[in-house]
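In what follows, chains are A, B, ... by sequence order, proteins preceding strands, each numbered from 1. In what follows, every heavy atom counts, from backbone to side chain, and hydrogens, waters and symmetry copies are set aside.
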Amino acid sequence: GDSVTQMEGPVTLSEEAFLTINCTYTATGYPSLFWYVQYPGEGLQLLLKATKADDKGSNKGFEATYRKETTSFHLEKGSVQVSDSAVYFCALSPYSGAGSYQLTFGKGTKLSVIP
Amino acid sequence: DTGVSQNPRHKITKRGQNVTFRCDPISEHNRLYWYRQTLGQGPEFLTYFQNEAQLEKSRLLSDRFSAERPKGSFSTLEIQRTEQGDSAMYLCASSLRGDGGFGEKLFFGSGTQLSVL
């Protein structure tokens, strides 16, 4: 079945450091890929998405590129802020002719940014 | 946009009791999802409604679990004869069909944390 593997945390960075959170996936066909973020005490929020190979999703300074050849969707940000401290989840949604909308999530990576 | 609302936020129950959770989606959203999340894991899909029709159910949803969405508005998730293994965060999400087809954006509630003693 479909699966998502993301780097384990926690990850602790200093403010303005470069962030990479690795995510690889296993799926049949052509899934859509997502990064969701969960800030303390809040529900999951969509951060960015990509629906086909070589698409780049971006939002709030975060970027991720859909790499079909390496089955990866790594999250990057050039300069993290304290407000980026959260848990980040990589996820995929399979595509089928009938339309399947269930998401398969990775385990999450907790990011802490210190001043 | 008031967001997805879930009640209660926390529920503590004894093993063998029945519990029911409620989810109020964003008002114009016609799709509603239930997920379950245990500590250190990502959310796992349980079931999905389009309007009032339950269209997909995970094999994780045993016979003790039942979900309804009468009139295509709010939804309830009931767990009968709870077991300690049911302890988890139960998340509800909603979306609007047509918002990109596949790859659509889900809006999540803050969840109901269930503890079975």
For this session: Assess whether atom CG of B:Leu39 is packed by more than 12 heavy atoms of other residues, nucleotides or ligands within 6.0 Å.
Result: no
Exercise. Can you tell if the side chain of A:Leu44 reaches within under 4.5 Å of the side chain of B:Tyr35, non-hydrogen atoms only?
Worked result: no
Problem set entry | Minimal non-hydrogen separation, A:Gly43 against B:Ser110, with atom names | N-OG, 3.8 Å
For this session: Measure B:Gln37 against the heavy atoms of chain A and call it side chain, backbone, both or neither at under 4.5 Å.
Result: side chain
For this session: Can you establish whether the number of heavy atoms outside A:Glu16 located under 6.0 Å from its atom CD is more than 12?
Result: no
Problem set entry | B:Arg15 atom CZ, over 12 foreign heavy atoms within 6.0 Å | no
Exercise. Which region of A:Gln6, side chain (C-beta onward) or backbone (N, CA, C, O), has a non-hydrogen atom less than 4.5 Å from a non-hydrogen atom of chain B, or is it both or neither?
Worked result: neither
Exercise. Where on A:Gln45 is there a heavy atom nearer than 4.5 Å to chain B: the side chain, the backbone, both, or neither?
Worked result: neither
Problem set entry | Heavy-atom neighbours of B:Leu55 CG exceed 12 at 6.0 Å | yes
Problem set entry | Greater than 12 external heavy atoms within 6.0 Å of A:Lys68's NZ | yes
Exercise. Does A:Glu15 CD have over 12 foreign heavy atoms under 6.0 Å away?
Worked result: yes
Exercise. Any chance CD of A:Glu8 has more than 12 other-residue heavy atoms, nucleotides or ligands included, within less than 6.0 Å?
Worked result: no
For this session: Apply ring pair (Phe, Tyr, Trp, His ring centres under 6.0 Å) to the pair B:Phe108 and A:Tyr36, showing each step before the final yes or no.
Result: CA-CA 10 Å; B:Phe108 282 84; A:Tyr36 276 81; 5.6 Å; yes
Seminar exercise, completed: Minimal heavy-atom distance between A:Phe89 and B:Gly42, with the atoms involved, is CE2-CA, 3.7 Å
For this session: Check each atom of B:Leu91 against the heavy atoms of chain A and say whether the ones under 4.5 Å are side chain, backbone, both or neither.
Result: side chain
Exercise. Checking B:Tyr33 side chain against A:Leu103 main chain: does a donor-acceptor pair fall under 3.5 Å?
Worked result: no
